[in-house]
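Here's the structure we're looking at; comments come further down.
The first residue of the sequence shown is numbered 1, and numbering continues consecutively from there. Numbering of ligands and ligand atoms starts at 1, following listing order.
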Amino acid sequence: MAAFPDVSKIPFEGPDSRNPLAFRYYDANEVVVGKTMRDHLRFSVVYWHTFRGTGADPFGPGTMQRPWDDGSESVENAQNRARVAFEFFEKLGAPYYAFHDRDVAPEGRSLSESNANLDAVAKVLKEEQQRSGVKLLWGTANLFSNPRYMHGAATSCNADAFAYGAAQVKKAMEVTHELGGEGYTFWGGREGYQCLWNTDMQREQEHLAKFLHMAVDYAKEIGFTGQFYIEPKPKEPTKHQYDSDAAACLNFLRQYDLLPHLKLNLETNHATLAGHTMHHEMEVAGAAGALGSIDANTGDLLLGWDTDQFPTDIYLTTQCMLAVLKYGGFTTGGVNFDAKVRRESFEPIDLFYAHIGGMDAFARGLKIAAAMIADGRLAGMVQDRYASWDEGLGAAIEAGQHDFKSLEKLMLDRGEITPNASGRQELFENVVNQYV
Ligand code: XUL
Ligand code: CO
């Protein structure tokens with residue numbers, strides 16, 4: 001029995017279509033700068049929000065109607081839900097999905113029971129992947145919901161919690177490997193603190209590094225060659241999380257010799273919680289050669305918490321895709337919709353509308369970014385702004401031919417400099433608007 005009997009494969013119908021169950025901009029087979037949109041965007045659906053989200057919030061219980069779900073924690077229900085998820089991925093035309101271990105399978109009374117549950121559902125996931133061709137973008141472990149992780153997992157004051165987390169990640173990596181996952185993500189969850197009076201920050205960060213090194217070592221042992229990601233987020237659920245933004249993650253990875261092994265998985269709403277734009281985070285990661293993947297969503301700046309809404313803002317998607325193209329395109333990563341429909345959007349069909357809107361917004365962002373790059377006007381304007389570095393003094397400084405003493409001598413001789421190269425922000429903004 002189909003879970004979405006009234007929905008067939010979502011077609012591309014072009015910008016004039018009024019069909020809410022059609023793409024107006026995302027044409028998977030359309031080639032944009034040498035690659036199909038499918039291969040540029042590598043869309044991925046998240047299991048946790050789309051198939052486990054209930055609509056609950058701190059003020060009330062869930063609202064979502066999901067007729068296929070019997071509401072039980074049985075393995076059978078989880079297996080059935082997995083089949084429904086693949087019906088959704090296929091009808092949507094999403095080539096990838098992502099999950100946490102505890103999204104797909106119920107936690108048992110012991111670790112071994114949980115592992116057996118995960119295996120039983122992974123068997124169905126594998127069958128469904130083979131049947132549909134949908135692939136796993138990345139897997140991850142939920143190290144934040146169970147009360148045992150109240151102080152965090154890798155950064156817990158309780159060594160037993162570290163050990164349990166390690167065991168859980170080991171299993172999640174094995175399942176990700178078994179399913180051909182192209183990556184594995186670490187989002188800190190509760191890896192941070194609520195209060196500095198009770199926290200040994202240095203020790204906690206060393207433990208987190210040790211934990212990640214264990215994962216890197218184990219990947220080698222089992223032959224998992226997927227990309228590891230760390231996902232920055234400054235707060236929620238804790239007051240401060242060690243992976244607070246792209247720069248903090250890079251610093252942490254560098255300090256503990258993890259930079260060769262992990263890239264960043266950047267999320268828009270996490271960027272804004274950190275007081276940054278997604279564009280900023282992508283530039284920070286890209287400039288360090290660590291731009292791996294994105295969790296595509298958006299926050300609401302008036303609400304200010306992690307609302308995980310579907311992205312529909314064309315400026316945002318343009319900035320994302322401009323950065324992706326600038327830094328060479330996705331390899332293992334993709335546009336992963338870590339987003340949830342609103343509590344009031346309780347009908348199953350809303351899941352389709354939400355993803356179609358996000359995919360169309362990213363398709364437009366891709367095409368706009370590609371047009372900007374092809375035209376070259378913006379890049380040319382940036383280059384002009386730095387023209388003083390292309391020859392003469394600037395080129396000599398860049399080439400290492402100067403030091404403080406030689407520069408002082410030059411400036412003592414000259415006395416003062418003349419301003420050059422206006423920032424031209426207003427013109428830049430006008431030019432951007434010509435493409436959007
Ligand atoms: C939480 C979040 C996670 C990670 C995976 O804010 O973004 O869902 O993406 O653990
Ligand atoms: Co995320």
Side-chain angles (χ1 to χ4, degrees), residues 42-54 56-58 96-104 107 136-146 149 152-155 165 168-169 171-173 175-176 181-192 208 211-212 215 226-246 248-249 262-274 276 278 281-282 285 291-300 303-311 316 320 332-341 355 358:
R42 296 167 56 87
F43 286 126
S44 166
V45 174
V46 306
Y47 210 93
W48 51 100
H49 289 312
T50 297
F51 289 97
R52 303 314 309 277
T54 63
D57 73 9
Y96 290 95
Y97 73 112
F99 66 79
H100 299 83
D101 50 358
R102 300 300 179 248
D103 309 328
V104 288
E107 179 144 22
L136 177 60
L137 189 70
W138 49 259
T140 187
N142 178 332
L143 305 183
F144 43 89
S145 295
N146 191 290
Y149 299 123
T155 64
Q168 206 182 313
V169 169
K171 180 67 184 177
M173 282 173 59
V175 170
T176 299
E182 297 186 19
Y184 186 93
T185 292
F186 292 92
W187 166 57
R190 295 180 194 276
E191 313 294 20
L208 180 56
F211 193 95
L212 295 175
Q227 177 64 50
F228 280 119
Y229 305 108
I230 188 164
E231 183 176 324
K233 182 175 182 181
K235 55 191 165 197
E236 289 187 34
T238 69
K239 175 192 175 82
H240 176 80
Q241 282 151 218
Y242 297 132
D243 50 8
S244 57
D245 66 2
C249 284
L262 285 95
K263 287 187 175 171
L264 304 190
N265 178 42
L266 299 168
E267 178 166 325
T268 313
N269 207 160
H270 297 178
T272 51
L273 280 176
H276 303 309
M278 181 64 160
E281 290 292 83
M282 294 191 75
L291 178 52
S293 195
I294 64 175
D295 272 8
N297 66 13
T298 192
D300 182 321
L303 292 176
W305 64 83
D306 198 14
T307 57
D308 284 342
Q309 289 165 233
F310 277 83
L316 169 65
C320 288
T332 53
V335 176
N336 182 50
F337 288 111
D338 192 356
K340 59 188 180 207
V341 290
H355 284 87

>> Check the orientation of Phe186 and Phe211. Use parallel for under 30°, tilted for 30 to 60°, and perpendicular for over 60°.
In response: perpendicular

> Of Thr140, Thr332, Thr185, Asn265, which meets side chain to side chain donor-acceptor pair (under 3.5 Å) against Tyr229?
Replying inline: Thr332

> Do Met282 and Ile294 come close enough that some side-chain heavy atom pair is under 4.5 Å?
Replying inline: yes

> For Asp295 and ligand 1, does the shortest N/O to N/O distance drop below 3.5 Å?
Replying inline: yes

> Which protein N, O or S atoms lie under 2.8 Å from the Co ion (ligand 2), given by chain and residue number?
Replying inline: Glu231 OE2, Glu267 OE1, Asp295 OD2, Asp338 OD2

> Closest non-hydrogen protein atom to atom 9 (O) of ligand 1, residue and atom name please, with distance?
Replying inline: Glu231 OE1, 2.7 Å

> Is there at least one pair of N or O atoms, one from Trp138 and one from ligand 1, spaced under 3.5 Å apart?
Replying inline: no

> Quick one: does Arg42's side chain get under 4.5 Å of Glu182's, heavy atoms only?
Replying inline: yes

>> Looking at Glu191, is its backbone amide N or carbonyl O close enough to the side chain of Gln241 to form a donor-acceptor pair, meaning the two atoms are under 3.5 Å apart?
In response: no

>> Between Asn142 (side chain only) and Phe144 (backbone N and O only), is there a donor and an acceptor less than 3.5 Å apart?
In response: yes

> Between Tyr242 and His240, how do the two ring planes meet: parallel, tilted or perpendicular, split at 30° and 60°?
Replying inline: perpendicular

>> Please work out, at 4.0 Å between heavy atoms, whether the side chain, the backbone, both, or neither of Asp308 comes within that distance of ligand 1.
In response: neither

> Does Asp338 have a non-hydrogen atom less than 4.0 Å from ligand 1?
Replying inline: yes

>> For Asp306, which part has a heavy atom under 4.0 Å from ligand 1: side chain, backbone, both, or neither?
In response: side chain

> Sub-3.5 Å donor-acceptor pair from the side chain of Asn269 to the main-chain atoms of Asp308, do we have one?
Replying inline: yes

> Of the backbone atoms (N, CA, C, O) and the side-chain heavy atoms from C-beta on, which set of Glu236 has a member under 4.0 Å from an atom of ligand 1: side chain, backbone, both, or neither?
Replying inline: neither

> Are His355 and Phe337 near enough that their ring centres are under 6.0 Å apart?
Replying inline: yes

>> In the structure I gave you, are the side-chain heavy atoms of Pro232 and Trp187 within less than 4.5 Å of one another anywhere?
In response: no

> Nearest to atom 8 (O) of ligand 1 by heavy atom, Trp187, Trp48, Phe186: which?
Replying inline: Trp48

> Among protein heavy atoms, which lies nearest atom 10 (O) of ligand 1, and at what distance?
Replying inline: His100 NE2, 2.7 Å

